[in-house]
Structures are given as structure tokens and as C-alpha cells.
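Structure record follows, encoded as C-alpha cells.
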Amino acid sequence: MSSIGIIKETGDGSATIYLPDLDETYHSIHGALQESNHVFIKEGLDFVLAESKQELIRVFEVGFGTGLNAVLFSEMAHILQQKIYFESIEKYPIDINLINQLKPFQKVDSNFSFVHEIAWEEKKSINSYFDLKKIKADLLEYNFSNEAYFDLILMDAFAPDKQAEMWSLEIFSKLFQSLKPGGILVTYSAKGDVKRAMRESGFVVKRIDGPPGKKHMLRAQKPNNETI
Ligand SMILES: C[S@@+](CC[C@H](N)C(=O)[O-])C[C@H]1O[C@@H](n2cnc3c(N)ncnc32)[C@H](O)[C@@H]1O
């Protein structure tokens, strides 16, 4: 992950970053914005809210990266007047100069800079409904301070064929423990190995329609106590 990122325009006109050394982009080349909206907002946040109304939704993201998901969730919190606490882990923060080059390509508002400017490890209010805490750490070594705490996990690591260690049984078991019973994990990957690791760690996994350009994605649920 040492290579310099290159800005790339994706299929929906929004931009992403390409890492030549890893030969990997931060988002789908078919559309960065449309992928995040489909996988994480529609199949993640909207699904959780449709299942049960809650005063506060706690979200954990694997891979803060460009901050696109944090920005989209902050906008949704404001629009829906839904309180959201969003925690995001990142091992390799992106240089702010690269983020500033990315910004003009995104069809999202000014919060884009703000989510990058706030300090790591501190909870900050982005708007009256949205609190963000960025954690600069390696998920492989990270220990969650609370079990059964999050309602929703956004699994947005680099693809399993580029970073297999992020999609292991050990990692999914850790994420499983951090979710409340009934909590949801969503990811853009629909790989068989990923599905198996999720199931082995206790999730009930469903393969569902993916964003444009991608056939499938996965949504996994931690069973409710009553159904275990
Ligand atoms: C596919 S990118 C997505 C990032 C982000 N969600 C976005 O929309 O831009 C994956 C992210 O995971 C981060 N990452 C890779 N290995 C990690 C690790 N061991 N712990 C925490 N983050 C990691 C990468 O640096 C990268 O920012």
C-alpha cells in the first residue's frame, strides 16, 4: 500500500483512486458513488432502518479511505433526521493533496474536506445528527472496546484477491462480536470464500443484487438471541 494513488473517473462520473502497486481501485470502476449508495446506503442503512426504527444507529466502517461513505452517511443522517454514530478504521490515511484532487469529481457537498480535517481518535459532530470517529489503526490487530455495540458494519476493505487477510474467519469473528444481535454487515464482495468465512463466524448470509456493473453483493446478519 506504499504506491502513490492516481485519480480515476468512474462510470457514473464520480472519481476514485487507483493504486498501481496493488492494481486496485478504492471503488467500482463502474461508478464509485453509485456503488456506495447501493451497497452501503440502500442495502445497509435503509435496510437497518426498515427493520427497526431506532433513535441512534451505530455504524462501523472497515477502511475510511476517501471518506465517501462517511460523507454519504452524514448527508443521510441530516435528510432523515436520524442520529448516526459512525466509526471508521484506516491503516493508511490518504494524503490530503490527493483528497483535494478527488473532491471536484464527487457530487457531494462540502463535508468532504471536513471529514478529513478532523483529528483521529476523537468523536466529532459533522452535523446535528451525525457524529464521526476515525480510528488510525490496523484492523488485523485492533480490539473493539465494546461487544454487541454496532447496528451496521460496512465491510469496505480492498478486494479479497488483493488483501485476503482482511476477509478471514478471524476478522469476521471479530466483526461479529462487535455487532448487536440482529445487526447487519454489508459488503460489495460476493465471493464464495467470503460467504463461507462469514457463515463460519456465525452470520446468516444472503447474496443479493449488486450495484450497476456488478451482479451480486452480500448482506450478513448476526442472529437475534431468540433465533440462535
Ligand atoms: C476499498 S478501499 C475503501 C475505502 C473507503 N471506504 C472509501 O470509500 O474510500 C479500502 C480501505 O481499507 C484500508 N485498509 C487496508 N488495510 C487495512 C487494515 N489492515 N486496517 C484498516 N484499514 C485498512 C485501505 O487503506 C483503504 O483505505
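We count ligands from 1, going down the list as the structure has it; atoms in each ligand are counted the same way. Position 1 is the first residue of the sequence; numbering continues from there.
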Check: From Ser128 OG over to His78 NE2, what is the distance, rounded to the nearest 0.5 angstrom?
Finding: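 These two atoms lie 6.5 Å from each other.
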So, does [X] sit close enough to ligand 1 that a heavy atom of it is under 4.0 Å from the ligand?
X: Glu165; result: no
X: His27; result: yes
X: Ser36; result: no

Could you tell me which atoms of ligand 1, counted from 1 in the order shown, lie closer than 4.0 angstrom to a heavy atom of [X]?
X: Gln163; value: 15 (C), 16 (N), 17 (C)
X: Thr66; value: 7 (C), 8 (O), 9 (O)
X: Ala157; value: 1 (C), 10 (C)
X: Gly65; value: 4 (C), 5 (C), 9 (O), 27 (O)
X: Asp138; value: 18 (C), 19 (N), 20 (N)
X: Leu139; value: 18 (C), 19 (N), 20 (N), 21 (C)

Next item on the list: State, with a plain yes or no, whether a side-chain heavy atom of Met217 is found less than 4.5 Å away from one of Glu43.
Entry: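 Side-chain contact under 4.5 Å: yes.
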Where the closest heavy atom to [atom] is concerned, which of [options] has it?
atom: atom 14 (N) of ligand 1; options: Glu141, Lys162, Glu90; value: Glu90
atom: atom 6 (N) of ligand 1; options: Ser88, Ala159, Gly5, Gly63; value: Gly63
atom: atom 17 (C) of ligand 1; options: Met166, Glu61, Lys136, Met155; value: Met166

Note to self: Looking at Phe150, I'd like to know if the NZ or CZ of Lys180 sits under 6.0 Å from its six-membered ring centre while staying within 45 degrees of the ring's axis.
What the structure shows: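 Cation-pi check for Lys180 and Phe150: fails.
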Next item on the list: Decide side-chain contact (heavy atoms from CB on, under 4.5 Å) for Met198 and Thr187; before the verdict, give the C-alpha distance in whole Å, the side-chain angles of both, and the deciding distance to 0.1 Å.
Entry: CA-CA 11 Å; Met198 285 176 172; Thr187 185; 3.7 Å; yes
Ligand 1 contact on [X] by region, counting heavy-atom pairs under 4.0 Å:
X: Phe64; answer: backbone
X: Glu24; answer: neither
X: Ala137; answer: backbone

Check: Taking the six-membered ring for Trp, are Tyr26 and Tyr18 ring centroids under 6.0 Å apart?
Finding: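 That pair fails the under 6.0 Å test.
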Checklist line | Short N-O contact, Glu24 and Lys162, less than 4.0 angstrom | finding: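 Not counted as a salt bridge, because no side-chain N and carboxylate O are separated by less than 4.0 Å.
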Checklist line | Over 12 non-hydrogen atoms of neighbours within 6.0 angstrom of CZ in Arg199 | finding: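 Yes.
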Next item on the list: Answer yes or no: does atom CD of Gln54 have more than 12 heavy-atom neighbours from other residues, nucleotides or ligands under 6.0 Å?
Entry: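 More than 12 heavy atoms, drawn from other residues, nucleotides or ligands, come within 6.0 Å of this atom.
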Margin query: Between Tyr92 and Glu90, is there a side-chain donor-acceptor contact under 3.5 Å, judged purely by atom types and distance?
Written below: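 There is no such pair between these side chains.
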Item checked: Residue that, paired with Phe86, satisfies ring-ring contact (aromatic ring centres under 6.0 Å, His included) out of Phe130, Phe60, Phe64 ->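 Going through the options one by one, the only one that passes is Phe130.
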